[in-house]
2 protein chains.
Amino acid sequence: MARLSAAEAVFNVLRSEIESGKLGVGAKLSSEASLAQQYGVSRSVVREALRSCTALGLTVTKTGRGTFVVANHVAKDLVLGQYSARDLTEARPHIEVPAAGLAAERRSPEELDTMREIVAAMSGEDDPEVWVGLDSSFHAMIARASGNKVFENVVADIRDALAHQSETLNMVADRQHASDEEHRRILAAIEAGDAATARIAMSQHLHAVGIALDSILNA
Amino acid sequence: MARLSAAEAVFNVLRSEIESGKLGVGAKLSSEASLAQQYGVSRSVVREALRSCTALGLTVTKTGRGTFVVANHVAKDLVLGQYSARDLTEARPHIEVPAAGLAAERRSPEELDTMREIVAAMSGEDDPEVWVGLDSSFHAMIARASGNKVFENVVADIRDALAHQSETLNMVADRQHASDEEHRRILAAIEAGDAATARIAMSQHLHAVGIALDSILNA
DNA sequence: AAGGGTGAACCTGTCAGACAGCCGGACAGC
DNA sequence: GCTGTCCGGCTGTCTGACAGGTTCACCCTT
């Protein structure tokens, strides 16, 4: 590990105190002078550390008043609808298929229960908007059950994007019953701990969804 | 618009020069003293502005040497330490391999140029911290060249996670020369528009990196 | 002539001190 | 009660200084 400079050290302390929630949003930090004294460094060093926090969006500094916490964690600057339909169709198999395989191997009983509930609820659901929400939750749940936070996060991203694309709703009417059946097959494979079958079932499901999306977009 | 301080103004100028590509990845900025003179401010102000750039992951500063550009855009989504090493090793092939294939088919001449610059800069670089920054930019650039924003975003995520894991730095000494060679092979395939070879080369590269990481973690 | 060592020049990291301008609150006067 | 003024605290910026890391040309040795 590279020896860190005093400024980096102070920055790390400040960041961890802010992110740990010890300093709530809206709280005022001590003055630069007193922070300097507290950490045994000069004011210049404190100012550089505070600049780093500000650059990350954790704090804002007001002339004559002080520095205030404005966020507990580095903001996720997610632009809804930033993904095109092609982006999604193209990327999802590469992410959700292996995630389904891992989910079959690693899912906890609680996660399995949640998936069952979701699938059951979807079967009896005919409100498109509700159904889409459940569908998203199903995919997100599989990603979480994969035990891999990368998959979990990217699927959450995809879910948010889909939820805000009107094409999704248009698609539901045609695809709902077929999807329900595909979901049951995926769930069955994950219940059985059969990773290979889970991957195949997810792959087929996404393929069918992709075709349906294409046909709507090209209509 | 709030009147901005001199430090903010200098930061904005530096950031725009870096993000516009006027200062290529790997380039060295002028010294703090000459930047101060150039913008008509004191060195303290320049240092605060540089800290902001560093906090955003655009630059790294090395004692006695200078400040160097390591990325030309700000990652949207800083997720410090969110992913475990296993998460990353497991997920990366599923995302970066297809991304490399798409990049071979879709890369623009400009993107190709940037990749060449990064690879060239890496060859002559022996400072681990700078090299890691360039390596991250290379992977991020491939993801962007894939033309798929899902891949672009998730690789940016991974990049930030890796940049803040100390294991990454420990790994570099052993892997640097081998990685340079692997990067050249990936770049060559993307230059040639050969998607299959690009996928294979990226797959081998990630496999090697994964093994190196494992050996460090289990040591 | 090749090679190795050394020092000067340059760079960043940090410090102390200073002053102007902004802000909030206390306080006196109306 | 309202207002205007003043003061103490805070940030924004500057200056000058010194320590320690880095580079490279130059010189001495071999």
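Computed from a prediction, not measured in an experiment: that's the story for all the values here. Each chain gets a letter, A, B and so on, in the order its sequence line appears, and its residues count up from 1.
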Practice item. Nearest whole angstrom, please: distance from the C1' of D/dT22 to the CZ of B/Phe68. Key: 10 Å
Review point. Sequence neighbours excluded, which residues qualify as side-chain contact (heavy atoms from CB on, under 4.5 Å) partners of A/Ser44?
Key: A/Ser42
Review point. Starting at NZ of A/Lys28 and ending at P of D/dC10, how long is that distance when rounded to a whole Å?
Key: 6 Å
Practice item. Whole angstrom is fine here: how far is it from CD in B/Glu48 over to P in C/dT14? Key: 14 Å
Exercise for review: To the nearest Å, give me how far apart CG (A/Leu29) and C1' (D/dT11) are.
Suggested key: 13 Å
Please tabulate the protein-to-nucleotide N/O contacts below 3.5 Å involving nucleotides 15-17 of chain C, giving atom names and distances.
unit_1, atom_1, unit_2, atom_2, d
C/dC15, OP2, A/Ser42, N, 2.7
C/dC15, OP2, A/Ser42, OG, 3.0

Practice item. Sequence neighbours left out, what passes side-chain contact (heavy atoms from CB on, under 4.5 Å) with B/Ala6? Give chain and number order. Key: B/Val41, B/Val45
Check your understanding: Are any of B/Arg47's side-chain N or O atoms less than 4.0 Å away from OP1 or OP2 of C/dT12?
Key -> no
**Study point:** salt bridge (charged side-chain N to carboxylate O under 4.0 Å, His left out) partners of residues 91-102 of chain A, not counting sequence neighbours, each pair once
**Key:** A/Arg92-A/Glu96
**Study point:** Qualifying residues under side chain to side chain donor-acceptor pair (under 3.5 Å), relative to A/Glu111, sequence neighbours excluded
**Key:** A/Ser108
Review point. Which residues satisfy the side-chain contact (heavy atoms from CB on, under 4.5 Å) test with A/Glu105, sequence neighbours excluded?
Key: A/Leu102, A/Ala195
Practice item. Please list, chain by chain and in numerical order, all residues satisfying side-chain contact (heavy atoms from CB on, under 4.5 Å) with B/Glu117, sequence neighbours excluded. Key: none
Practice item. Specify the closest pair of heavy atoms between B/Ala198 and B/Ala100, including all atoms of both residues, with the distance to one decimal. Key: CB-O, 3.7 Å
Practice item. Any salt bridge (charged side-chain N to carboxylate O under 4.0 Å, His left out) involving residues 39-51 of chain A? Give me the pairs, sequence neighbours left out, ordered by first then second residue. Key: A/Glu32-A/Arg43, A/Glu32-A/Arg47, A/Arg47-B/Glu48, A/Glu48-B/Arg47, A/Glu48-B/Arg51, A/Arg51-B/Glu48
Exercise for review: Under 4.0 Å from any atom of DNA chain C, heavy atoms only: list the residues of residues 59-66 of chain A that qualify, in numerical order.
Suggested key: A/Thr63, A/Gly64, A/Arg65
Check your understanding: Can you tell me how far C1' of D/dG16 sits from CD of B/Glu32, to the nearest Å?
Key -> 16 Å
